[in-house]
Student: 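Dumping the structure here so I can ask a few things about it.
For the numbers below, each heavy atom of this structure counts, side chains included, while hydrogens, waters and symmetry mates do not.
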Amino acid sequence: SSQIGGPAWLVRAAVEQLGKQVYGEDVSRATELVFSILHLDLTASTLALLTQVLPRLVAGDGRDGLLAFPTGRALAKLTVQCLAAALANREAPPYLETPGRSWALESLAGSRPAKMRRGNTGEARPVVETAAPQEELVDQAHQGLFHLLSSIGQESVLTPKLEFLASLLEEAVVGGKEQARAVLQPLPSALLSQVVKVQPERFSLHMVSKMFDNSAQTGRKTTSRWGF
């Protein structure tokens with residue numbers, strides 16, 4: 001899926017273009033342009049971003065300029081925009097429907113190895129199955145993102161990786177309460193605690209309250225821990 005012209009290639013190339021911008025206004029303009037381009041197939045682009053591009057950036061040694069300001073902030077905003085849109089349109093078909101797209105999405109997400117079955121002559125044959133629905137793949141990638149971010153949250157000083165995580169939390173809240181709760185639904189309270197511990201002045205109680213659904217038991221438990 002990283003071949004030239006594939007979703008992972010497109011997203012990586014687009015993110016690298018963000019990294020070439022220096023001034024805030026240029027970064028903002030480039031971020032909006034990239035988001036528009038990724039709408040050609042938003043689900044595939046979002047899966048590529050969450051399962052291919054971001055994990056490789058995070059796996060780096062922390063010196064990757066793409067996670068540092070201002071690109072890291074733009075990347076956080078792009079991640080929130082793509083994820084919010086993909087979650088809201090989980091079942092919508094893409095503008096460009098192509099043969100074999102369902103299997104291509106599953107391969108992109110790396111969600112399931114091919115199953116094999118022994119035939120009458122003993123040779124292994126692939127089991128013909130239907131591809132996982134795209135909404136299932138989006139949900140898996142959504143959960144996977146916060147599993148990935150949990151590894152960043154262990155850092156006790158502000159690094160480019162932790163700055164990216166903090167920016168992602170802020171950008172989710174900027175989009176409003178509903179968007180914040182949809183995008184941050186898998187956010188572990190322990191991860192948020194760790195981020196706030198490093199930068200307490202950055203996250204007010206009011207901001208934290210927007211991240212959780214207080215009508216749900218887990219949300220009430222989490223916000224009560226923060227003094228609500």
Student: Counting only N and O atoms by type, is there a donor-acceptor contact under 3.5 Å from the side chain of Q52 to the main-chain atoms of L47?
Tutor: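 The answer is no, because no donor-acceptor pair under 3.5 Å joins these two groups.
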Student: When you measure from the side chain of K161 to the backbone N and O of G60, does any donor-acceptor pair fall under 3.5 Å?
Tutor: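 Yes; judged by distance alone, with no hydrogens or angles, the pair exists.
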Student: For a quick test of reading the model, state the closest non-hydrogen atom pair linking L87 to A182 and the distance between them.
Tutor: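 Shortest heavy-atom separation between L87 and A182 comes out as CD1-O, 3.7 Å.
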Student: Are any of the side-chain heavy atoms of V198 and V157 separated by less than 4.5 Å?
Tutor: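 SC-SC contact between V198 and V157 ruled out.
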Student: Just so I know, are the side chains of V27 and T71 near enough to count as touching, which here means a heavy-atom distance under 4.5 Å?
Tutor: no
Student: Any chance the side chains of E32 and S36 put a donor and an acceptor closer than 3.5 Å?
Tutor: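 No, S36 and E32 have no side-chain donor paired with an acceptor closer than 3.5 Å.
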Student: Would a 4.5 Å heavy-atom cut-off, applied to side chains only, mark L57 and R12 as touching?
Tutor: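 They are in side-chain contact.
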Student: Look up atom CZ in F203 and atom CD in E201, then write down how far apart they are to the nearest 0.5 Å.
Tutor: 9.0 Å
Student: So, does R181 use its side chain to make a donor-acceptor pair with the main chain of E178 at under 3.5 Å?
Tutor: no
Student: Distance-only, no hydrogens or angles: does the Q154 side chain make a donor-acceptor pair with backbone N or O of S150 under 3.5 Å?
Tutor: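 Yes, the answer is positive, given that a donor and an acceptor are paired below the 3.5 Å cut-off.
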Student: Hey, could you give me the CG/CG distance between L145 and L184, rounded to the nearest 0.5 Å?
Tutor: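 The distance works out to 9.5 Å.
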Student: State whether R29 and E25 are salt-bridged, where the test is any N-O pair (Lys NZ or Arg NE/NH1/NH2 against Asp/Glu carboxylate O) under 4.0 Å.
Tutor: yes
Student: What are the two closest heavy atoms between G153 and L191, and how far apart are they?
Tutor: CA-CD1, 3.4 Å
Student: Supply the atom-to-atom distance E136 CD to L105 CG, rounded to the nearest 0.5 angstrom.
Tutor: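 Reported value, rounded in 0.5 Å steps: 12.0 Å.
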Student: What distance do H142 atom NE2 and L137 atom CG have between them, rounded to the nearest 0.5 Å?
Tutor: 14.5 Å
Student: Show which residues join Y23 in its hydrophobic cluster (side-chain heavy-atom contacts under 4.5 Å, direct or indirect), or state none.
Tutor: V22
Student: With a 4.5 Å limit on heavy-atom distance, are the side chains of L165 and F146 in contact?
Tutor: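 A side-chain contact under 4.5 Å is absent here.
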Student: Within the 4.5 Å heavy-atom criterion, are V138 and T46 side-chain neighbours or not?
Tutor: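 No. Closest side-chain heavy atoms not under 4.5 Å.
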Student: Sequence neighbours excluded, which residues qualify as side-chain hydrogen bond (donor to acceptor under 3.5 Å, both in side chains) partners of Q21?
Tutor: none
Student: Any side-chain heavy-atom pair from V15 and V34 closer than 4.5 angstrom?
Tutor: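 Side chain of V15 against side chain of V34, heavy atoms only: no contact under 4.5 Å found.
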Student: Looking at L66 and G19, what are the two nearest heavy atoms and their distance?
Tutor: CD2-CA, 3.7 Å
Student: Measure across L162 and E155 and return the closest heavy-atom pair with its distance rounded to 0.1 Å.
Tutor: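 It is CD2-O, 3.7 Å.
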Student: Side-chain contact test, heavy atoms from C-beta onward, threshold under 4.5 Å: evaluate it for L192 versus F212 and give yes or no.
Tutor: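 When only atoms from C-beta onward are counted, F212 and L192 do touch, with a gap below 4.5 Å.
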Student: Please walk me through it: do L49 and L75 pass side-chain contact (heavy atoms from CB on, under 4.5 Å)?
Tutor: CA-CA 10 Å; L49 180 63; L75 186 56; 4.2 Å; yes
Student: Looking at every non-hydrogen atom in both residues, tell me the closest pair between A86 and L42 and how far apart they are.
Tutor: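 A86 and L42 have their closest heavy atoms at N-CD2, 3.9 Å.
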Student: OG of S151 to CG of L149: how many Å apart, nearest 0.5 Å?
Tutor: 7.5 Å
Student: S209 and H206: which non-hydrogen atoms are nearest, and at how many Å?
Tutor: OG-O, 2.6 Å
Student: Under 4.5 Å between side-chain heavy atoms, counting indirect links through other Ile/Leu/Val/Met/Phe/Trp/Tyr residues: same cluster for V58 and L158 or not?
Tutor: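 Yes, it is one cluster - the side chains of V58 and L158 are joined through contacts under 4.5 Å.
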Student: According to side-chain contact (heavy atoms from CB on, under 4.5 Å), who are the partners of S45, at least two apart in sequence or on a separate chain?
Tutor: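 Per chain and number, S45 pairs via side-chain contact (heavy atoms from CB on, under 4.5 Å) with V11, L38.
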Student: Please tell me if the side chains of R202 and E170 come closer than 4.5 Å, counting only heavy atoms from C-beta onward.
Tutor: yes
Student: Nearest 0.5 Å please: distance from the OG1 atom of T79 over to the CG atom of L83.
Tutor: 8.0 Å
